[in-house]
Structure formats: structure tokens, C-alpha cells
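Before any comments, here is the structure.
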2 protein chains.
Amino acid sequence: MALTTKGRATRQRIIEGAAAYLRSDEPVGVTLDDIRAITGTSKSQIFHYFPDGKEELFLAVARYEASRVLEDQQPHLGALTSWAAWDRWRESIVTRYRLQGRHCPLGTLMGEVGSTPGAREVITTLLGQWQNHVRKGIADMQESGLVRPALDPDRVAAAFIAGIQGGVLVLMSTGSTTHLEAALDTLIAHLRG
Amino acid sequence: MALTTKGRATRQRIIEGAAAYLRSDEPVGVTLDDIRAITGTSKSQIFHYFPDGKEELFLAVARYEASRVLEDQQPHLGALTSWAAWDRWRESIVTRYRLQGRHCPLGTLMGEVGSTPGAREVITTLLGQWQNHVRKGIADMQESGLVRPALDPDRVAAAFIAGIQGGVLVLMSTGSTTHLEAALDTLIAHLRG
DNA sequence: ACCACAGTGGACTCGCCAGTCCAGAAAAAT
DNA sequence: ATTTTTCTGGACTGGCGAGTCCACTGTGGT
């Protein structure tokens with residue numbers, strides 16, 4: 001598929017429009033017609049740019065959203081080299097998800113194409129990169145002597161990922177960030193030793 | 001609605017059949033016809049016992065599954081009074097979810113009727129009870145002098161809930177219990193101080 | 001024996017939604 | 001200028017699945 005400038009713009013408009021829709025609205029039953037209406041496109045355009053239909057489109061949106069998840073934590077996530085940096089990171093996560101509220105775009109996406117290998121890959125990649133950053137942060141702190149060396153950075157980083165994911169999950173049903181904050185605070189306290 | 005013995009049996013058969021189906025099979029698009037076929041019933045029976053249709057049935061199944069989640073952790077969850085008990089509890093959780101594999105019946109249910117108040121209530125209640133048990137366990141340990149009193153039992157219990165939920169979530173996309181174990185181990189290590 | 005009401009089967013409706021198709025506009029290539 | 005390819009609009013199809021309806025059967029009470 002050779003895209004012209006106009007084509008690329010349209011394709012991007014569809015992805016970003018769909019993402020915005022998922023971020024703003026209720027997640028129940030997202031249809032191609034919804035997206036068509038929101039993005040001001042026609043059926044044929046959607047299938048022109050995403051020949052495999054819904055699944056391909058939703059995967060593209062999921063990738064787009066996944067990249068935003070990490071971007072939203074920068075620059076903190078990339079430089080967890082002091083306790084102050086960890087605190088700022090913690091703050092950025094809590095704020096981000098508090099604003100996002102009950103709607104989890106990625107969660108919705110997973111609900112729609114959830115069990116396909118492609119969908120799993122998007123999530124796995126995202127979580128992997130996320131965990132890598134945290135692991136690196138812990139290792140850096142160990143090198144500076146701020147965290148005791150006995151801790152396994154990868155394992156604790158995995159715990160962070162789990163805690164964050166779970167906190168967000170709870171947020172989705174309770175609407176409160178209590179669990180997310182508790183998980184982050186407890187794990188950071190554990191790092192502090 | 002006055003149910004006879006036979007009626008109650010049928011109703012229960014539908015719920016348990018649906019639950020078994022969700023536990024065994026892939027979660028994509030569960031239809032009433034699937035459940036009808038699996039449970040050997042007819043459309044009219046489903047609507048006879050669950051007048052509000054899909055949502056009511058799924059909520060009943062969700063409640064059934066939610067009660068199992070806690071039962072499966074007993075007797076350990078109810079008596080977290082020694083380090084050995086915590087370890088056994090940890091083991092029971094990991095084993096349970098390892099067996100369950102990628103399919104999370106409750107997750108699927110939430111995907112279907114996810115945003116209704118009823119669905120949220122089921123989840124909130126389950127998580128609340130779960131957290132209560134853990135909080136009580138931590139408080140017990142503090143009373144025995146096994147855990148330092150400075151820790152806030154409720155907050156750490158919240159972190160446990162988040163960690164477990166997140167661990168299970170990761171399990172669903174990666175198929176590995178690594179994160180679940182890391183979360184549990186790290187938090188228990190934190191309790192040990 | 002009868003009757004009222006719970007239980008059951010399964011055909012039917014009806015709307016929704018992913019995906020198709022084709023014809024025409026715009027842009028690129030020659 | 002023409003031809004080829006991409007882009008766009010929108011009508012149409014086909015299947016699927018929730019929920020309805022009605023006729024029939026079992027069951028328990030009197």
C-alpha cells in the first residue's frame with residue numbers, strides 16, 4: 001500500500017480520532033460506525049487504510065495509546081536516579097490515571113480484540129519496556145548506594161508493574177486512586193529499606 | 001417469582017454451566033446461545049430465571065465466581081497469623097491462578113457488562129472483603145510482634161490487592177505468574193521488614 | 001380429578017454492525 | 001493531456017445475537 005501525503009494524514013486522523021473517542025467516552029461497544037462518525041470519514045476509508053478491518057485498526061490505536069503511556073511518564077521514568085525523582089515519577093503516574101478516571105483506553109481495546117496474538121504482543125511489549133525502565137532505575141540507585149544491593153532489581157521492578165496495573169484496575173471499578181498510591185508508596189518504602 | 005425445587009435446580013445449573021464455560025473456554029463474545037447449548041436449556045428458560053436477560057445472568061455468574069475466588073484462598077486467607085501461613089496463602093494464590101491460566105472468568109464478565117453499577121458493585125465488594133482479610137492478617141501479625149507497628153495495615157493490604165490484581169492481569173497477557181509472584185514476595189518481604 | 005401456575009421448547013422478530021462493492025473525485029505519473 | 005493509481009462517499013448485504021411469543025408439559029395443591 002503506497003500512501004500519499006493526504007493518505008497518511010487521513011490514516012493518522014482515524015487513529016487519533018479513535019484514540020480520543022476511547023479516552024473520552026464510555027467503553028461499551030465501540031463500533032466502526034462510531035469511529036467513522038467521529039473522524040469524519042467513510043466506511044471505505046477505514047477499510048482502505050486498515051484492510052483487516054476492526055482488528056487492524058484497533059491494534060494500531062492500541063500501539064498509539066501504548067506509546068503515550070510511557071511518554072506521559074517522561075522525563076521521570078527515564079531518570080530514576082534520586083529519591084526526589086522517584087517521588088516525581090510516582091506523582092506523574094497518580095495524576096495521569098486520576099485524570100483518565102474510569103476509562104482505560106487500552107483496557108477497552110483489549111476487551112475488543114483482547115485475545116489475539118497481536119493484542120497480547122502490544123501489551124507485553126509495553127509492560128516489558130516499562131519494567132526495564134524501572135529496573136534500570138533501581139539498579140542506578142543501587143550503584144549510588146541509595147538502595148541496598150541485596151534486592152533483585154528485576155523482581156522488584158516486576159512487583160512495581162504488577163502494583164501499578166492492579167492499582168489502575170481497582171481505579172476502574174472504584175474510581176479511587178487509593179490502591180494505586182498504596183502500591184507505589186509501599187514499594188518505594190521497600191526500596192528505601 | 002416462586003421457584004419450585006426443579007426450578008431452583010435449573011437456575012443453578014445455568015449459573016454453574018455458564019461459569020464452567022467461562023472458566024474453560026476463550027472469552028471472546030460469550031452469547032446466550034452458547035450458554036443455552038452448554039447448559040442444555042432453552043431460550044425461554046434463561047429469560048424465565050433471569051428476566052433482565054444477559055446482564056442479570058452474567059451478574060449472577062459474576063457473584064458466583066467472586067465467592068469462589070475467596071473460597072479458593074481458604075483456610076489460609078482467614079488465618080494469616082504466622083509467616084508459614086502467609087507462605088501457604090501465597091502458594092495457594094499462585095497455584096490457583098497458574099491453573100486458571102490466561103482465562104479470567106471475572107475479567108470476561110466485566111468485559112461483557114463491565115460498566116454497569118451492578119458489575120462494579122460485585123468487584124468492589126469482592127476486593128473489599130479480600131483486603132479486609134489481609135488487613136486483619138497484618139494487624140494480627142503486629143499484635144504478635146512479628147510485624148513492626150509502624151506499618152499501616154490497611155494501606156499495605158491495599159498494596160497487596162493491587163499487586164495481586166496486577167499480577168493476574170499480567171498473567172493474562174504473558175501467561176506467566178512471574179509478576180504475581182514478584183508482587184507477593186516483595187510485599188511479604190516488606191512485612192518481614 | 002381438576003386446576004392453577006411453574007417449567008420448557010423452539011420458532012420468530014428485529015436491530016445492529018462488520019465488511020463489500022462500485023462509482024466517481026482527486027492526485028500522481030507518463 | 002492522458003492514463004494510472006490512490007482516495008472518498010455511501011448504499012447494500014449477510015449474519016449474528018438479544019429478546020419475544022405462544023403452545024405445550026410437568027407438578028403440586030385441594
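Chain naming here is simple, since letters A, B, ... match the order of the sequence lines and numbering starts at 1 in each.
- In this structure, the CZ atom of A:R13 is 12 Å from the P atom of D:dC7, given to the nearest Å.
- The two residues B:L191 and B:V147 make their nearest non-hydrogen contact at O-CG2, 3.9 Å.
- Side-chain N/O atoms of A:T41 include none lying less than 4.0 angstrom from OP1 or OP2 on D:dG9.
- Minimum interatomic distance between B:Q142 and B:R148 (heavy atoms only, all atoms of both residues): NE2-O, 3.2 Å.
- If you measure from atom CZ of A:F58 to atom C1' of C:dC17, you get 12 Å, rounded to the nearest angstrom.
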Give the intermediate values and the outcome of side-chain hydrogen bond (donor to acceptor under 3.5 Å, both in side chains) for residues A:H179 and B:Q131.
CA-CA 10 Å; A:H179 287 72; B:Q131 184 171 337; 2.6 Å; yes
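- In this structure, CG of A:L57 is placed 16 Å from P of C:dC17, rounded to the nearest angstrom.
- Atom P of nucleotide D:dT27 and atom NZ of B:K6 are separated by 5 Å, given to the nearest angstrom.
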Intermediate values then yes/no, salt bridge (charged side-chain N to carboxylate O under 4.0 Å, His left out), B:R36 and B:D33:
CA-CA 5 Å; B:R36 193 192 49 64; B:D33 253 14; 3.1 Å; yes
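- The listed nucleotides are D:dG9, D:dT6, C:dA27; the one nearest the side chain of A:Q45 is D:dG9.
- Nearest to the side chain of A:T4, among D:dT27, C:dA6, D:dT6, sits D:dT6.
- Donor-acceptor pairing under 3.5 Å is recorded for the side chains of A:Q100 and A:R96.
- An OP1 or OP2 oxygen of C:dT8 is reached within less than 4.0 angstrom by a side-chain nitrogen or oxygen of B:Y49.
- Atom pair A:Q12:CD and D:dC7:C1' shows a separation of 17 Å (rounding to whole Å applied).
- Straight-line distance from the CD atom of A:E56 to the C1' atom of C:dA18: 14 Å, rounded to whole Å.
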Each nucleotide N or O in nucleotides 13-23 of chain D that has a protein N or O under 3.5 Å away: list the pair and distance.
residue, atom, partner, partner atom, Å
D:dA18, OP1, B:L32, N, 3.4
D:dA18, OP1, B:K54, NZ, 3.2
D:dA18, OP2, B:L32, N, 3.0
D:dG19, OP2, B:K54, N, 3.1
D:dG19, N7, B:K43, NZ, 3.0
D:dG19, O6, B:K43, NZ, 2.9

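- Taking all atoms of both residues into account, the shortest heavy-atom contact from B:G40 to B:R13 is O-NH2, 3.4 Å.
- Taking all atoms of both residues into account, the shortest heavy-atom contact from A:A157 to A:I138 is N-CD1, 3.9 Å.
- Atoms NE2 (A:H48) and P (C:dA25) sit 17 Å apart, rounded to a whole Å.
- Taking the side chain of A:L3 as heavy atoms from C-beta on, and the options D:dG9, C:dT8, D:dC7, the nearest nucleotide is D:dC7.
- Atom CZ in A:F50 sits roughly 16 Å away from atom P in C:dT20 (whole-Å rounding).
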